[in-house]
Protein chains: 2
Amino acid sequence: MKGPPLPLVEELSRLGYALMRLLLARAKEVFAQEGLSLLQAEVLRLVKEGVSAPSRLAEHLEVQPSQVSHLLVSLEEAGLLGRHPDPEDRRRVLLRLTEKGEAVERRLQEAWLRAYGQHLARLEAGELLLFRDLLRKLTGVERG
Amino acid sequence: MKGPPLPLVEELSRLGYALMRLLLARAKEVFAQEGLSLLQAEVLRLVKEGVSAPSRLAEHLEVQPSQVSHLLVSLEEAGLLGRHPDPEDRRRVLLRLTEKGEAVERRLQEAWLRAYGQHLARLEAGELLLFRDLLRKLTGVERG
DNA sequence: TATTGTTATACTCTATAACTATA
DNA sequence: TATAGTTATAGAGTATAACAATA
């Protein structure tokens, strides 16, 4: 594990942090438009993608189970999500978005795409492809 | 403003969000090692870089002035930072890191560099240069 | 009167642990 | 006894507005 030369990594470290702060600020703005926090918005996305158990949400979000309960209560009170008992194991809960929840989730994705797209507009077509490939490697995802 | 084709931007939108969450989680871990939050750590870095007025901190951090006051109180109580009256305009406060504050800030930078470097290790030397150039463009910074 | 920064208040978020229901 | 999830409690973070001191 020799690794790349230090000054480059140092600059990357600053730039990476700057990008993170930039995107974090934009994401918070976008989600606030629907009155949701970062984690509330993420719960909507994860449930839409098929994560239907609170304990799985806690793993994805890297938070405590109790916090997931709070998040679910708030989203249920907002009419965005329903909690249903699992007929196969009555300790478990199955999560499902309401119609309103699906609509809000869709709007959030669109708004995030617009906000983020404004930053991406600084890059040219070829650079976007490069950036995608680098992000795939960095995040360990084959396809986004 | 035609912009790039949508499916690519959509994948980039997901990958960008994933990277942001990844880096956010790592940054929180790193700063927690010194018992500091994201913003507390950022105040240390900004003050070290010469941002010496609370109002300038509020701009950089995109938070309310009152929150800066709270951050400064906590950092001062931790012995990391001092508030000194500006002799030229006694409404103003000049911020300066203590020795302990400088040491903590240095350790945080090193720890962040290590944590982030582990992710960068997924890229090869040439890719790192590409990634730096793309990040420079995206964050609007000439040099990080 | 405008500016800089702090304090007061209420509200949300987060962490730990105790608790309930089911298996 | 172990597991899934919730509730209780306290603490940290955040937003708004009122405030004090100085210019």
Side-chain angles (χ1 to χ4, degrees), chain A residues 20-21 24-44 46-47 50-78 80-96, chain B residues 21 24-44 46-47 51-78 80-96:
Chain A
M20 184 269 279
R21 285 288 281 129
L24 179 60
R26 294 302 82 73
K28 281 188 177 175
E29 280 172 16
V30 162
F31 300 156
Q33 287 171 13
E34 300 284 347
L36 297 180
S37 70
L38 210 68
L39 290 182
Q40 286 174 324
E42 247 166 292
V43 167
L44 291 189
L46 289 167
V47 171
V51 179
S52 61
S55 53
R56 297 292 86 71
L57 283 178
E59 290 169 7
H60 277 91
L61 300 173
E62 301 188 55
V63 302
Q64 299 299 315
S66 71
Q67 201 183 333
V68 172
S69 286
H70 291 306
L71 288 167
L72 295 178
V73 167
S74 66
L75 291 171
E76 194 166 32
E77 283 174 353
L80 304 179
L81 169 150
R83 285 187 284 190
H84 312 276
D86 182 338
E88 295 189 1
D89 180 343
R90 287 169 55 207
R91 289 174 304 182
R92 297 184 189 221
V93 159
L94 294 175
L95 305 172
R96 206 164 52 237
Chain B
R21 285 289 279 131
L24 179 61
R26 292 303 81 73
K28 282 187 176 174
E29 281 171 15
V30 163
F31 300 155
Q33 288 171 13
E34 300 283 346
L36 298 179
S37 71
L38 211 66
L39 290 182
Q40 287 174 323
E42 246 166 294
V43 169
L44 291 189
L46 289 167
V47 171
V51 179
S52 63
S55 53
R56 298 291 87 70
L57 283 178
E59 290 168 8
H60 276 92
L61 300 172
E62 300 188 56
V63 302
Q64 299 300 314
S66 70
Q67 200 183 334
V68 173
S69 286
H70 290 306
L71 288 167
L72 295 178
V73 167
S74 66
L75 292 171
E76 194 166 31
E77 283 175 352
L80 304 179
L81 170 150
R83 285 186 284 191
H84 311 277
D86 183 338
E88 296 189 359
D89 181 343
R90 287 169 56 206
R91 289 174 304 182
R92 296 185 191 219
V93 159
L94 294 175
L95 305 172
R96 205 164 54 236

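To find a chain, count down the sequence lines: A is the first, B the second, and so on, and within it residues start at 1. All values derive from a computational prediction rather than experimental measurement.
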- Item | Nearest-nucleotide 5' precedence on DNA chain D, A:K28 against A:R56 | A:R56
- Message: Any side-chain N or O of A:R90 below 4.0 angstrom from OP1/OP2 of C:dT22?
- Response: yes
- Message: Checking contacts here: which listed nucleotide (D:dT16, C:dT22, C:dT14) is nearest the side-chain heavy atoms of A:R91?
- Response: C:dT22
- B:D86 CG to C:dT6 P, straight-line distance once rounded to whole Å: 13 Å
- Message: For a quick check of understanding: with a heavy-atom distance under 4.0 Å over all strands, which category does B:Q67 fall into, base, sugar-phosphate or nothing?
- Response: sugar-phosphate
- Item | Atom pair distance, as rounded to whole Å: CD in B:E59 and P in C:dT3 | 13 Å
- Base, sugar-phosphate alone, or nothing: which one does B:P54 contact when heavy atoms must sit under 4.0 Å apart? sugar-phosphate
- Take atom CD of B:Q64 and atom P of C:dT4, then tell me their distance rounded to the nearest Å. 15 Å
- CG of A:L94 versus C1' of D:dG5: gap in Å, rounded? 13 Å
- Message: Please tell me if A:S55 has a side-chain N or O lying less than 4.0 Å from either OP1 or OP2 of D:dG5.
- Response: yes
- Please tell me which of the listed nucleotides, D:dG5, D:dG13, D:dA15, lies nearest to the side chain of B:Q40? D:dG13
- Query: Which part of the nucleic acid, if any, lies within contact of A:L39, taking any heavy atom under 4.0 Å across all strands shown: a base, the sugar-phosphate backbone alone, or nothing?
  - Reply: sugar-phosphate
- Note on the structure: When rounded to whole Å, the CD to C1' distance for the pair A:E29 and D:dA15 reads 16 Å
- Message: Would the distance check show the side chain of A:Q40 and the main-chain N or O of A:S37 forming a donor-acceptor pair, the cut-off being under 3.5 Å?
- Response: yes
- Take atom CZ in A:R96; do more than 12 heavy atoms of anything else shown fall under 6.0 Å from it? no
- Message: Measuring from the side chain of B:H70 (C-beta onward, heavy atoms only), which nucleotide among D:dT6, C:dT16, C:dA8 has the closest atom?
- Response: C:dA8
- Message: Counting the atoms with a prime plus P, OP1 and OP2 as sugar-phosphate, which does A:S37 contact under 4.0 Å by heavy atoms, base, sugar-phosphate, or nothing?
- Response: sugar-phosphate
- Query: DNA chain C: B:L72 or A:L36, which has the more 5' nearest nucleotide?
  - Reply: B:L72
- Item | Atom-to-atom span, CD of B:E62 to P of D:dG13 - whole angstrom | 19 Å
- Message: Taking the minimum atom-to-atom distance to the side chain of B:R83, which one of D:dG5, D:dT22, C:dT6 wins?
- Response: C:dT6
- Distance in angstrom units between B:D89 CG and C:dG5 C1', rounded: 11 Å
- Decide yes or no for A:L44 and A:L36: does some side-chain heavy atom of the first lie under 4.5 Å from some side-chain heavy atom of the second? yes
- Query: Hey, does B:L61 have a side-chain heavy atom less than 4.5 Å from the side chain of B:Q67?
  - Reply: no
- Message: Please compare A:R92 and A:V73 by the position of their nearest nucleotide in DNA chain D and report the one closer to 5'.
- Response: A:R92
- Query: Would you say B:L95 and B:L57 make side-chain contact, with heavy atoms under 4.5 Å?
  - Reply: yes
- Send over the distance from A:E77 CD to C:dC13 C1', rounded to a whole Å. 15 Å
- Quick one: label A:S69 by what it contacts on the DNA or RNA (base, sugar-phosphate, nothing), any heavy atom closer than 4.0 Å. base
